[in-house]
Amino acid sequence: MFDTHTVPVVTIDGPSGSGKGTICQLLAKELGWHLLDSGALYRIVGLAAERKGLGFDDAAALADLAANLNVEFRPSEPGEPSAVLLDHEDISNEVRSESSGTLASKVAIHQPVREALKSLQRSFAKAPGLVADGRDMGTIVFPAAAVKIYLIASAEERAQRRYQQLISKGESVNLAALLEDIQQRDQRDMNRSIAPLKPADDAIVIDSSGTAIADVFSQVLSQVQARIQS
Ligand code: DC
């Protein structure tokens with residue numbers, strides 16, 4: 001059972017490109033805690049659904065798939081993303097592609113899928129602690145988390161960061177199209193009726209626009225240290 005009294009949880013939520021993935025990896029490494037990349041779980045459900053030929057409007061079948069995922073996160077070097085295995089097959093590259101992000105956003109709108117993933121996400125809360133990366137970590141999955149951070153950045157800056165990331169992976173991308181996609185995804189994520197993207201009432205909001213990742217990380221770390229050690 002999920003127990004916030006014994007296992008400290010830090011949640012970092014925010015839109016894609018806000019830098020939360022990098023900050024979560026750095027923080028988990030610094031604290032020596034486990035890491036939950038909840039977006040990867042939605043991406044895996046999307047990919048698995050596509051492979052099985054399931055309809056993206058079939059909430060019951062998608063939820064059944066989500067509840068029975070045979071998934072493993074295999075840690076690589078500290079601070080590096082884990083390898084992702086689905087049915088023992090390494091799908092790490094597919095999981096991080098733009099197209100799996102689109103599949104993820106299609107499965108993420110179904111409440112039964114979110115419900116099925118909730119217990120899987122909570123099972124990541126193990127000693128000595130968990131850093132949870134997502135959209136609804138502080139609001140829904142870990143409402144009693146010890147520290148909740150909500151990271152934001154302007155859409156222009158997030159598009160620029162994503163552009164650099166994809167270019168460095170050899171994907172061909174168009175900056176204007178990325179910006180439009182990010183703005184549309186923000187609207188969808190913030191305005192959906194189920195688990196909309198928003199800060200928890202007790203979240204600390206940090207704007208990373210125009211700030212080096214190292215500076216954002218030190219702001220986050222000092223917030224966490226002030227709350228966890230007090
Ligand atoms: O963070 P990401 O880009 O890997 O997320 C992929 C999609 O999954 C994104 O469209 C929103 C959705 N998602 C969600 O609804 N809830 C989460 N906790 C994490 C991701």
Side-chain angles (χ1 to χ4, degrees), residues 2 9-25 28 35-50 56 59 62-63 65-66 69 71 73 81-82 84 86 91-125 130-143 145 148-153 155 158-159 161-163 165-166 169 171 173 178-200 203 208:
F2 164 60
V9 177
V10 173
T11 59
I12 305 192
D13 290 303
S16 65
S18 58
K20 65 195 165 69
T22 309
I23 296 293
C24 284
Q25 278 174 33
L35 175 65
L36 165 62
D37 175 359
S38 62
L41 295 178
Y42 286 94
R43 287 166 182 262
I44 292 165
V45 175
L47 284 169
E50 190 181 55
F56 280 82
L62 293 169
L65 178 70
L69 277 184
V71 61
F73 289 86
S82 309
V84 182
L86 175 65
I91 56 160
S92 311
N93 290 335
E94 266 180 281
V95 163
R96 296 188 180 100
S97 68
E98 276 303 278
S99 58
S100 82
T102 305
L103 297 176
S105 69
K106 290 185 187 171
V107 300
I109 58 170
H110 297 297
Q111 180 60 25
V113 172
R114 305 198 70 87
E115 208 49 52
L117 288 182
K118 211 190 272 181
S119 51
L120 176 59
Q121 293 173 99
R122 288 180 175 169
S123 73
F124 282 73
L130 177 70
V131 177
D133 167 352
R135 304 287 196 291
D136 60 345
M137 299 294 99
T139 48
I140 292 177
V141 181
F142 299 107
K148 300 177 184 179
I149 307 279
Y150 190 81
L151 210 53
I152 56 171
R158 288 185 284 132
R161 289 176 188 169
R162 192 80 188 116
Y163 179 78
Q165 251 176 20
L166 292 170
K169 283 199 290 186
E171 289 196 33
V173 274
L178 267 183
L179 177 59
E180 200 181 316
D181 188 54
I182 281 182
Q183 286 166 331
Q184 282 175 1
R185 207 182 278 191
D186 281 357
Q187 286 309 312
R188 272 205 306 273
D189 286 352
M190 289 172 185
N191 295 318
R192 70 184 177 204
S193 55
I194 303 162
L197 174 63
K198 61 167 188 190
S208 72

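FYI, side chains are in, hydrogens and waters are out, and symmetry mates aren't considered; it's all heavy atoms of this structure. We count ligands from 1, going down the list as the structure has it; atoms in each ligand are counted the same way.
Taking every heavy atom of R192 and a limit of under 4.0 angstrom, the matching atoms of ligand 1 come to 14 (C), 15 (O). Listed by number with element, the atoms of ligand 1 under 4.0 Å from a non-hydrogen atom of A108 are 12 (C), 15 (O). Taking a cut-off of under 4.0 Å to the non-hydrogen atoms of A104, the atoms of ligand 1 that pass are 6 (C), 7 (C), 8 (O). Every atom of ligand 1 with a heavy atom of M137 under 4.0 Å away is listed here by number and element: 18 (N). In the vicinity of K20, heavy-atom distances shorter than 4.0 Å reach the ligand 1 atoms 1 (O).
Checked by atom type and distance alone, the side chain of R114 never pairs as donor or acceptor with a backbone atom of I109 at under 3.5 Å. Judged by distance alone, with hydrogens and angles left aside, the side-chain atoms of D13 form a donor-acceptor pair with the main-chain N or O of M137 at under 3.5 Å. Side-chain atoms of R135 never come within 3.5 Å of backbone atoms of L197 as a donor-acceptor pair (strictly under, hydrogens ignored). No donor-acceptor distance shorter than 3.5 angstrom exists from the side chain of S208 to the backbone of A153, with no hydrogens or angles considered. In terms of modelled atom types and a separation under 3.5 Å, the side chain of E115 and the main chain of Q111 share no donor-acceptor contact. Side chain of K148 to main chain of P143: a donor-acceptor pair is present (N/O by atom type, distance under 3.5 Å, no hydrogens or angles).
Distances between N or O atoms of D136 and those of ligand 1 include at least one value under 3.5 Å.
What sits closest to atom 20 (C) of ligand 1 on the protein, heavy atoms only, is G39 CA, 3.6 Å. The shortest contact between atom 19 (C) of ligand 1 and any protein heavy atom is with S38 OG, 3.5 Å. Among protein heavy atoms, atom 10 (O) of ligand 1 sits closest to S105 CB, 3.2 Å.
Looking only at side-chain heavy atoms (C-beta outward), D133 and I12 stay at 4.5 Å or farther from each other. Looking at heavy atoms from C-beta onward, L178 lies in side-chain contact with L166 at the 4.5 angstrom threshold.
With hydrogens and angles left out, the side-chain atoms of T22 and R161 include no donor and acceptor closer than 3.5 Å.
Residue R188 places no heavy atom under 4.0 Å from ligand 1. Not a single heavy atom of K106 sits closer than 4.0 Å to an atom of ligand 1.
Considering each of R114, Q121, R43, R185, the one bringing a non-hydrogen atom nearest atom 4 (O) of ligand 1 is R43. Relative to atom 5 (O) of ligand 1, the option among R135, R162, E98 with the closest non-hydrogen atom is R135.
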